[in-house]
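Data first, discussion second: the structure below is written as structure tokens.
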2 protein chains.
Amino acid sequence: MFGKGTDVCCGSCPHAWPNFKNLTSAEMKEMSESRFQSSFTAGETIFKAGSPTSSAVFLSSGIAKIYLEGFDGKKIILGLAKPGYLLAGPGNYVDSTHHYSVVALTDVSACFIDMNLIKSYVQKNPLFAEGYLKDISLKSLRIFYKMISLAQKKMPGRMAEGLLELADEVFKSDEFAPILSRQELGEFTGMAKENVVRILKEFCNEGIISTNGSTITIMDKQKLQLISANG
Amino acid sequence: MFGKGTDVCCGSCPHAWPNFKNLTSAEMKEMSESRFQSSFTAGETIFKAGSPTSSAVFLSSGIAKIYLEGFDGKKIILGLAKPGYLLAGPGNYVDSTHHYSVVALTDVSACFIDMNLIKSYVQKNPLFAEGYLKDISLKSLRIFYKMISLAQKKMPGRMAEGLLELADEVFKSDEFAPILSRQELGEFTGMAKENVVRILKEFCNEGIISTNGSTITIMDKQKLQLISANG
DNA sequence: GGCTTGAGTTGATATTTATCACTATATTAG
DNA sequence: CTAATATAGTGATAAATATCAACTCAAGCC
């Protein structure tokens, strides 16, 4: 399914990027009428690092993984995008190129908004520009802390942190389906997939989590927070 | 030495942040007249993570290290700041707090500019806002690549990359004084100081660099680039 | 159904990296 | 000048982590 997105105005979309609130209704209407919508099935690539940032992408439903491509095809999953998350990245104002790749983890429907339009609002609308700055700043900060975690915490600490992030920020629940494979969980927490298995098993044995079939449930959140904090 | 910086206008300062070119002459004059200047000797802290971002800081001379504070007092040096580098960080638009610390490596003289003034120019001056976005975007990108390097390269690769960054981007010369101690070089390349020593020695033995007293000279840049690229 | 494929899992092993203990060499303070 | 302190350097060891080689199990396919 794809096409011009003329059905609902972005202004009334419950999943819109918060910063769109700073647009005038004329700007909102213009943007809304010029956007494109497209669907992706789980596993499909929404955009790849290296491709031009011709559009800003927003999910209206589904979840996608955002990852950096390293050496030898190794990946680092920076985080998961949900509706309301601006998918454009810092390359937009540097070399007009994406520097991370985005792949749908579930079936996804996405809105594509012309980047030149976004950039023109940045120039015309100071509040919108400030909102964009806030967005990119917050994402930078998260990268800082991800970097500290990867560089200084040991595997159990990183896994605990990763599970807490999935529970608290992505799924908003202490019980969640394994939207990420063990391989991906490893790319998310910076370890080999074999070690993901071992550490999850360890957490199970200690009663910190339980893995019912393919669902992970956090049983002892305090302990998990302790492990995360102590590295 | 410190005080109001009324001697030279920022507009004619050869070390000014490039984005200041986008200010009107009235804005430039206002900013120039309200700024404060201060000096730091090598080793002194310019600001600490956690402190409020009340001012944007620019060096007019000297070099400073920018680092994240991790666990157990461990540090990650993100990079070195020279004149022309905006020292404010992404916390400014998130929680008005610095998230990295900055310490002078050489004697430094610095200009402090009221952050509210900067923020007001972001709102009044779209070109300035765009320049700010570009600045923060570029810094984000660098963090991406630093992160990949730390997560996926092995020690020799990280050291090679670090030396190349010092030569090509900081000192603009293949021979440079050891402004960073072995400890700091370790914080910069993500390894223990003992391993810094061992790898530098290894590089010496292979004729890739030479350490004359306390100066590092890159002898075989191609080889260094190869080591950096191959992880 | 039987076959293939890929994810999950496990144990053994190799590699990488940190830590520890110590010496040497500076550099600074008194 | 000398003691004290920080940095540099070295080797041995321990810890952390990746890699390799199986094996299991389930899903999809001819």
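In what follows, chains are A, B, ... by sequence order, proteins preceding strands, each numbered from 1. When reading the values below, keep in mind they use all heavy atoms of this one structure, side chains included, and skip hydrogens, waters and symmetry mates.
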Rounded to the nearest Å, what distance is computed from the [atom1] atom of residue [X] to the [atom2] atom of nucleotide [N]?
X      : N      : atom1 : atom2 : value
B:L200 : D:dA8  : CG    : P     : 10 Å
B:N195 : D:dG11 : CG    : P     : 14 Å
A:R182 : D:dC25 : CZ    : P     : 16 Å
B:Q183 : D:dT5  : CD    : C1'   : 16 Å
A:L150 : D:dT17 : CG    : C1'   : 14 Å
A:K201 : D:dT24 : NZ    : C1'   : 14 Å
A:M191 : D:dA15 : CE    : P     : 20 Å
A:M155 : D:dT17 : CE    : P     : 5 Å

Between [Y] and [X], is the closest basic N to carboxylate O distance under 4.0 Å?
X      : Y      : value
A:E184 : A:K75  : no
B:K221 : B:D168 : yes
B:E169 : B:R142 : yes
A:K139 : A:D135 : yes

Could you check which of D:dG11, D:dA8, D:dA21 has an atom nearest any side-chain atom of A:E194?
D:dA21
Mapping B:K193 and B:R198 to their closest nucleotides on DNA chain D, which lands nearer the 5' end?
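The answer here is B:K193.
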Between side-chain atoms of residues 153-160 of chain A and protein atoms elsewhere (two or more places apart, or another chain), which donor-acceptor pairs fall under 3.5 Å?
unit_1	atom_1	unit_2	atom_2	d
A:K153	NZ	A:E161	OE1	2.2
A:K153	NZ	A:S228	O	2.8
A:K153	NZ	A:S228	OG	3.2
A:R158	NE	A:T189	O	2.7
A:R158	NH1	A:K153	O	2.8
A:R158	NH2	A:G190	O	2.7

Footprint ends on DNA chain C, 5' to 3', for atoms under 4.0 angstrom from a heavy atom of chain A, come out as C:dG8 to C:dA12
In terms of ring plane angle, is the pair B:H98 and B:Y100 parallel, tilted or perpendicular, where the classes change at 30° and 60°?
tilted
